[in-house]
Structure formats: structure tokens, C-alpha cells
There are 2 protein chains.
Amino acid sequence: MADQLVKNLFGDPVDTANKRHSARKENLEVILRHGERIFAEFGFKGATMQAIADAATLPKANLHYYFPTKMALYHEVIERIFTIWLEAADSFDTSASPREALSRYIRKKMEISRAHPHGSKVWANEVIHGAPIIQDYLQTTLKDWTNTRIDVINRWITEGKIDPVDPRHLLYMIWATTQHYADFQHQVVTLNGGTPLDDAQWQRATENVTHIILKGIGI
Amino acid sequence: MADQLVKNLFGDPVDTANKRHSARKENLEVILRHGERIFAEFGFKGATMQAIADAATLPKANLHYYFPTKMALYHEVIERIFTIWLEAADSFDTSASPREALSRYIRKKMEISRAHPHGSKVWANEVIHGAPIIQDYLQTTLKDWTNTRIDVINRWITEGKIDPVDPRHLLYMIWATTQHYADFQHQVVTLNGGTPLDDAQWQRATENVTHIILKGIGI
DNA sequence: CCTCATCCTGACCAATTGGTCAAAGGTTTA
DNA sequence: TAAACCTTTGACCAATTGGTCAGGATGAGG
């Protein structure tokens with residue numbers, strides 16, 4: 001078939017060559033996307049497989065074909081969110097200057113809050129409810145990442161590049177503030193007269209957050 | 001009966017004079033306290049009347065005697081939390097200097113995060129899930145309060161007392177950061193080696209938050 | 001074509017859970 | 001003491017919902 005002759009730049013057959021394979025991929029994608037939204041909106045218990053199925057316009061039994069249990073689907077949703085979190089984490093360039101490293105990190109986190117508010121909400125939900133699923137991440141990946149950044153920030157302090165603040169609380173402040181625009185989106189929108197922040201407002205928010213935090217630590 | 005002769009300073013009969021009345025009060029208190037905790041821990045849907053009843057060591061049917069529906073109980077829990085929020089709001093003294101007004105407000109909010117983490121979590125849950133219950137508060141009381149504070153902060157800016165930051169984002173930063181210690185308590189504790197913050201650590205957190213924010217706006 | 005493996009789905013089941021109710025047990029008041 | 005009232009509670013019900021399953025549909029490979 002002609003379809004099967006389609007190749008990408010590396011000469012590998014493109015996934016869409018196989019109807020089954022591509023349909024599978026598409027379905028997984030749709031389920032995960034709507035699952036994330038429904039979980040964010042109603043919490044784990046409040047979200048129903050039926051609601052996710054309806055959103056994805058698939059019969060409920062079909063969801064159970066791809067994900068044996070609700071928990072399995074939830075796990076997968078969390079997994080994806082963590083990937084995004086890692087992406088932001090990478091943008092904290094430890095070799096850059098404090099000003100550059102922090103402002104880039106803050107900007108990246110603000111972008112994520114705008115692009116993936118649902119994911120952020122699911123994560124927040126998890127933590128609020130005692131992190132039954134992500135406890136592992138918190139104790140390993142997140143803790144390690146945090147400790148290396150704390151070291152870097154402490155070095156900046158020693159070198160007199162920033163004020164002697166507790167790095168831990170600086171990081172918490174960055175997390176809390178940037179994620180606020182995703183997690184408390186509804187409140188932010190309500191206080192904005194009911195309309196979502198536009199491009200200019202997001203930029204203004206990012207600038208304000210960056211300004212206050214950087215100046216706040218003496219940069 | 002002797003009991004009925006007990007009076008308070010105003011001459012009113014003390015509630016405890018009446019066995020029924022005091023038992024009622026006590027039960028309401030116990031149900032609301034445990035309800036708040038269970039709602040915070042599992043979300044509205046995840047919390048079950050049975051779980052709250054067990055925590056309060058009362059039969060489930062008894063809960064329904066005091067609160068006809070789960071939603072009615074939840075409403076009452078939210079109502080109480082809002083009272084605490086108002087208490088913090090009052091501490092933002094608009095007649096004080098920027099330094100005094102803000103540092104007092106931040107300290108108060110940190111104290112509330114420490115004293116009422118469950119309440120804060122329930123509130124966060126509400127907003128994350130689109131504020132189905134508290135929408136009214138957001139649009140009226142919260143919005144009004146916010147607008148008056150924005151005016152005050154703008155006056156400070158005009159008078160050159162603080163940097164020209166967007167008051168809105170300054171407030172969001174204060175809310176996000178202070179509430180982070182309650183809502184993300186589990187994450188904070190995990191990154192603290194699994195032990196809750198002690199007195200000194202809370203004080204250090206408050207100092208850091210206050211320092212960065214105040215210096216960040218040029219005070 | 002034809003066979004096989006994969007995918008889809010309506011109907012169904014069992015467990016959970018919010019809420020009801022009638023009867024019993026206390027407390028207050030006259 | 002006795003009547004009126006309030007509170008407590010076990011047993012029960014109906015609705016929701018996660019998950020199952022058997023049989024049908026569809027695409028891949030020979």
C-alpha cells in the first residue's frame with residue numbers, strides 16, 4: 001500500500017502507516033488528554049470513567065481496554081505531568097548567573113502554568129491529599145533536584161552574588177507563585193473580571209513575579 | 001437546678017447549663033472539625049459520611065441528624081474557613097505603613113497556614129475544582145477586599161513608598177507563598193526529611209518570605 | 001479471499017455510599 | 001410523675017460506578 005511507503009527523514013516507516021497502530025496511539029492520546037482534564041476538575045475520586053469516556057467520545061468499556069483500571073489511567077496521567085515538570089527543572093541552568101538561571105526558570109514555570117494548567121492541578125491535588133501516588137518522586141527525583149539547586153544557590157550566596165536567603169524558601173516561593181496561576185486559575189480569572197489572562201497580562205504577571213523575586217534576593 | 005444558675009459576665013445563662021444544648025454544640029463542633037480534616041484529605045467526593053462519622057465516633061445516621069446532607073456539612077465547613085480568612089484579611093491594616101501592613105499580613109497568613117492547614121487545603125481544593133461552592137465569595141467579598149487593597153497599594157506607589165509593581169500580582173504572590181506551607185505541607189515536610197517544621201523553622205520561613213517580598217518591592 | 005489477532009462495545013454485576021425511617025432512649029418542663 | 005420534645009441508632013434502600021465479559025467488527029498477513 002502507498003501508505004506504507006511513507007517514510008520520515010530517518011527512513012523509518014511513519015507510525016501512521018499502520019492503521020491499527022495509529023488508532024491505538026490516537027486513542028491513548030485522547031484518553032490521557034481528557035483524563036487529565038477530568039481528574040484536574042473533579043479529583044481522583046470525583047472523576048468517573050464514564051465522564052472521561054464521554055469527553056473522549058468512546059464507550060467506557062473501551063477505556064478499560066486501554067487502561068485496565070482507573071488507577072492505571074491516573075498513574076499514566078501523573079507520569080506525563082512529571083515529564084513536563086522535569087522539562088522545567090532542566091531550565092534551571094546551574095552554570096548560568098543567578099539572574100539568568102532564576103529568571104529563565106521562572107519564565108519557564110509561568111509558561112507551563114499557562115500551557116498545562118490541568119496537569120498542575122492534578123499534581124497539586126496529589127500533594128494536598130498526601131501524595132499517595134507521587135510520594136516516590138518527592139523523595140527521590142524532587143529531593144535530589146532540590147538539593148543540588150540548594151547547593152548552587154548557597155554558592156551564589158557565598159560568592160556574594162545574592163542576599164543570604166534560605167534557598168529552600170526561595171524555591172518554595174518560586175514554585176508557589178508560578179503554580180498559583182495554574183492551580184488557582186479560577187480565582188485569578190474571577191478577580192480578572194471573569195476573562196482569562198491575555199498575552200499581555202501573562203507577560204506582565206511574569207515580569208512582576210520575576211522582578212519581585214530577583215530584587216527580593218538582592219539582584 | 002444549680003447548673004442553670006451559672007451565669008457569664010453578662011448575666012446570660014451559660015450554654016453548658018442545658019445538657020441538650022451543650023451536647024448539641026459539642027457534637028456540631030466534633031463533626032465540623034473531623035469533617036474539615038477528612039474533606040481536606042480526600043476531597044469532597046472522596047470524603048465519605050461514614051469516614052467522618054468514624055472519626056467523630058458517632059453513628060452515620062447521627063451526622064444526618066445534624067446535617068441533612070453531605071453538601072450541607074461541607075457548606076458549613078467552608079463557612080468556618082471563610083471566617084478565618086476574614087480574620088487574616090483584617091490584619092492588612094490599610095492605615096499602617098507599607099512595611100508594617102504587609103509584614104503583619106504575611107505573618108498572620110503564615111500563622112494561619114500553620115494553625116489551620118486543613119482549612120486551607122479545603123479552600124484550595126474548591127478553587128482548583130472551579131469553586132462550585134465559594135464562587136459567590138470570590139465575586140463579592142474577596143473581590144471587594146482585593147480592590148480596596150489594590151487602591152491602597154497603588155497609593156503607596158504614587159507616594160513613592162514602594163516600587164511600581166502590579167498590586168494584583170503582589171497579592172497573588174503573598175497568597176500563593178504563604179498558603180503553600182499549608183496546601184503543600186506534605187511536600188514541604190517530605191523535603192524537610194519527613195519531619196514537620198518546628199518553631200524555629202516556621203519563624204525562619206516567615207522571615208524569609210517577608211524579607212524577599214518586602215525587599216522585592218523596594219522597601 | 002481467508003484466517004488470525006486485535007479492537008470495540010452493550011449488557012451486566014457487585015460494591016460503595018448518601019440518605020431514610022421508625023422505634024427506642026434521654027431530657028426538659030409542667 | 002407524666003407528657004412533650006429532642007436525640008440516637010440499626011437496618012434498610014436506591015443510585016452510582018468501577019470493572020467484567022462474551023460476542024461482534026475490523027484490519028493485517030498469507
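Below, chain A is the first sequence line, B the second, and so on; all start at residue 1. Keep in mind the model is a prediction, meaning the values are calculated, not measured.
- Relative orientation of the B/Trp175 and B/Tyr172 rings is tilted, given thresholds of 30° and 60° on the angle between their planes.
- Whole-Å rounding puts the A/His75 NE2 to D/dG18 C1' distance at 17 Å.
- Atom P of nucleotide D/dG19 and atom CD1 of A/Ile52 are separated by 11 Å, given to the nearest angstrom.
- In this structure A/Phe42 satisfies the ring pair (Phe, Tyr, Trp, His ring centres under 6.0 Å) test with no other residue, sequence neighbours excluded.
- Out of C/dG18, C/dC8, D/dG19, the shortest distance to the side chain of B/Lys70 is found at C/dG18.
- When heavy atoms are screened at a 4.0 angstrom cut-off, B/Ala72 is found touching no nucleic acid atom at all.
- Nearest to the side-chain atoms of A/Met49 among the listed nucleotides D/dG18, D/dT20, C/dC7 stands D/dG18.
- Between A/Asn62 and B/Lys45, it is A/Asn62 whose nearest contact on DNA chain C lies nearer the 5' terminus.
- OP1 or OP2 of C/dC7 lies within a sub-4.0 Å distance of a side-chain N or O belonging to A/Arg24.
- Residue contacts shown for A/Ala51 are absent, as no nucleic acid heavy atom lies under 4.0 Å away.
- Once rounded to the nearest 0.5 Å, the distance linking OG1 of A/Thr210 with CD1 of A/Ile106 reads 4.5 Å.
- By the salt bridge (Lys or Arg N to Asp or Glu O under 4.0 Å) test, A/Arg80 pairs with A/Glu29, sequence neighbours left out.
- Within 3.5 Å, a donor on the side chain of A/Lys60 pairs with an acceptor on the base of D/dG18, or the reverse.
- Distance CD (B/Gln50) to C1' (C/dT20): 15 Å, rounded to an integer number of Å.
- At a threshold of 4.0 angstrom between heavy atoms, the contacts of B/Phe67 with the nucleic acid are absent.
- A/Asp198 and A/Arg204 are not joined by a salt bridge, as no carboxylate oxygen comes within less than 4.0 angstrom of a charged side-chain nitrogen.
- The interatomic distance linking B/Phe39 (CZ) with C/dG18 (C1') rounds to 12 Å, in whole Å.
- Taking five base pairs at each end of the helix from C/dC1-D/dG30 to C/dA30-D/dT1 and finding the rotation axis that steps the C1' atoms of four pairs onto the next four gives two axes whose angle is 10°, to the nearest 10°.
- Listed candidates were D/dG19, C/dT9, C/dC7. Nearest to the side chain of A/Ala61 is C/dT9.
- In this entry the distance linking NE2 of A/His21 with C1' of C/dT6 reads 13 Å, nearest Å.
- Counted by atom type alone, B/Gln135 and A/His186 present one or more donor-acceptor pairs between their side chains at under 3.5 Å.
- Here the side chain of A/Thr69 is nearest to one of D/dG19, C/dC8, C/dT20, namely D/dG19.
- Rounded to an integer number of Å, the gap from B/Leu63 CG to C/dT17 C1' is 13 Å.
- Side-chain atoms of B/Tyr66 lie closest to D/dT8 of the nucleotides C/dT9, D/dT8, D/dG19.
- Each of B/Glu36, B/Glu126, B/Glu79 was scored for a side-chain hydrogen bond (donor to acceptor under 3.5 Å, both in side chains) with B/Tyr74, with one residue passing: B/Glu126.
- Atom NE2 of B/His64 is separated from atom P of C/dT17 by 13 Å (rounded to the nearest Å).
- Nearest nucleotide to the side chain of B/Thr48, out of C/dC7, C/dT17, C/dG10: C/dT17.
- If you take CG on B/Asp183 and CG on B/Asn125, they are separated by 9.0 Å, rounding to the nearest 0.5 Å.
- The side chain of A/Tyr65 places no N or O atom within less than 4.0 Å of a non-bridging phosphate oxygen (OP1 or OP2) of C/dC8.
- The side chain of B/Asn27 contributes an N or O atom lying less than 4.0 Å from OP1 or OP2 of D/dT8.
- With rounding to whole Å, A/Leu73 atom CG is found 14 Å from D/dG19 atom C1'.
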